[in-house]
Amino acid sequence: MNLELLSSSDKFDPDECNSECLPSEESLNKDLRNAKRKTPEELNEEWEEHCQKSKIEAEEYIEHIENLKYDLIDSYVDNDDEYSSSEAIPTCNPWE
Amino acid sequence: MYYCLSKNVYLVKGKSKDCLYDLDNKKLYHIQKEFSGLIDKVCSTDMATLSLTEEESKAIENLKNAKLIGTSENKNPFPDIKKLTMDFSISFVWIEICTFCNLKCKHCYNESSAQCHETMSFEDFTMVCQKLLDIGVKKVQLIGGEPFCHKNIKEMLQYAADRFEFVEVFTNGILINEEWCKFFKKNDIHVALSIYSYNAEEHDKVTLQKGSHDRTVHAVELLKEYDIPHRIATVYMKGISVGEKITDLYTLNPDKDVIRMAGRGNISLLTPELLKRKLITKETFSHALNPQSIACHVSGNRCFASRLYISANMEIYPCVMERRISHGNLRDNTPLKELIKTEIQGFSKDKVEGCKECEFRYACYDCRPDSISNDIYAKPYYCTYDVENGKWLDEDIVIDRVLSFDMN
């Protein structure tokens, strides 16, 4: 009758999931913000005005994105072993 | 007097073998059925009338030396590990704001490209944020597609940064410029980027856009210059060499993520070496037992219990890579708290075919979305333990079997 000890290490598995998309617990905990928050009422008031303005800007921007889509579709190669030229990289940017 | 299992020692029964989980000393023991039968016998028989063979006495001595059993005046039933429970609360949420992407990465979990058109409106985004805030979520990540191709990305980031404690945006960095860095700095926004190799050509083979490496690395330069908190994510896959580190700008973590079978990720992107890093083997259990993880695995799924993924069409999934099960849709007027299904959060190995009778089921972590089956209840394809016979399978045989699997 053998009592086989498996967990010979004293250390825990540091991060079981380890997914590319997931920030580590360390970075999540380290960087929590301490800044004083505005109240929900203050934020809602601020945002009502801001949303109206951003809606107009966004309509203009979407046109640019739509054009960009067609450029990109043309640029993809069928064979995944090859890849397309640098000219295809879009420069869409709300700041420009 | 009776023998009894020591405090925080649990016997977990499997089909052909059993395990002793010692949570105080953080140790896991694998034992034969005969041994657990002996434990059962000594714990249910008065020591005054107990008769043991020499071999049995030696085995009990070993248990005593390992502090796995003690004595009690009364007969005690074995403690039930299922009583270790954890409260489920959502602490982190991915919000997919669009599926459109200006790259077309070979392995993309979301199969994003320029042909994808699902977009979350700004109005829907604010509704999502409000519902998440209502259930106490403090940490979110905006993801796509490429978030910076969304017409309202600036407003969305600002809105989120004003309300959540931690906001990260996952981007390919192609569109990041100095103005964006100033914006990140002002709003304390974190950035995550994927780089697949130190070699530009190798990286571009993944993104299928020549020049993408240069653009992403330039974004990293800017993030460093502006002191923006950022992290570099890497996924390892077949045919892509990480190359030699020739820069101080970033480091690719050699222990990081191996390609998962989600989205465009598939078996053809795995090599035997990469698959070997995923395998659940005897070595997997050499880490110290983490009592918190055990409680989590007993209660449900470690990831599903505390995370959500909101897609651009407002569907609520348990993980960024898991689309086989859903909590429902946020357009439903039901409060989010009521939509979240406890059976998904509580998706423990007790529900998984091939795991539910495994003695390691509460010590073992598997990534549910990393699956080659449409069946959410399927045993992980990279497990090398034969539950029926209580034996570890030859790793090379498992690797051959997986790599010859046709996902179509």
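Chain A is the first sequence line, chain B the second, and so forth, proteins listed ahead of strands; every chain is numbered from 1.
- Taking every heavy atom of both residues into account, Ala288(B) and Phe12(A) meet most closely at O-CD2, 3.4 Å.
- With rounding to the nearest 0.5 angstrom, the CG atom of Leu3(A) is 7.0 Å from the CD1 atom of Ile31(B).
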With side-chain contact (heavy atoms from CB on, under 4.5 Å) as the test, would you mind laying out the steps for Phe360(B) and Leu6(A) before giving the verdict? CA-CA 11 Å; Phe360(B) 296 111; Leu6(A) 297 179; 3.2 Å; yes
Intermediate values then yes/no, salt bridge (Lys or Arg N to Asp or Glu O under 4.0 Å), Glu4(A) and Lys282(B): CA-CA 11 Å; Glu4(A) 187 185 7; Lys282(B) 193 171 167 180; 2.6 Å; yes
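- A donor-acceptor pair is defined here as one N or O able to donate and one able to accept, closer than 3.5 Å; no such pair exists between the side chain of Ser7(A) and the backbone of Leu289(B).
- For Leu38(B), the part sitting under 4.5 Å from any heavy atom of chain A is the side chain, from C-beta outward, and nothing else.
- By the side chain to side chain donor-acceptor pair (under 3.5 Å) test, Ser36(B) pairs with Asp18(B), sequence neighbours left out.
- Of the possible donor and acceptor atoms, none in the side chain of Glu34(B) sits under 3.5 Å from a partner among the backbone N and O of Met1(A).
- Heavy-atom distances place both the backbone and the side chain of Glu56(B) under 4.5 Å from chain A.
- Distance check: Ser9(A) OG to Lys26(B) NZ gives 12.0 Å after rounding to the nearest 0.5 Å.
- More than 12 heavy atoms of other shown residues, nucleotides or ligands fall within 6.0 angstrom of atom NZ in Lys33(B).
- Atom-to-atom distance recorded for Ser286(B):OG and Leu5(A):CG is 10.0 Å, nearest 0.5 angstrom.
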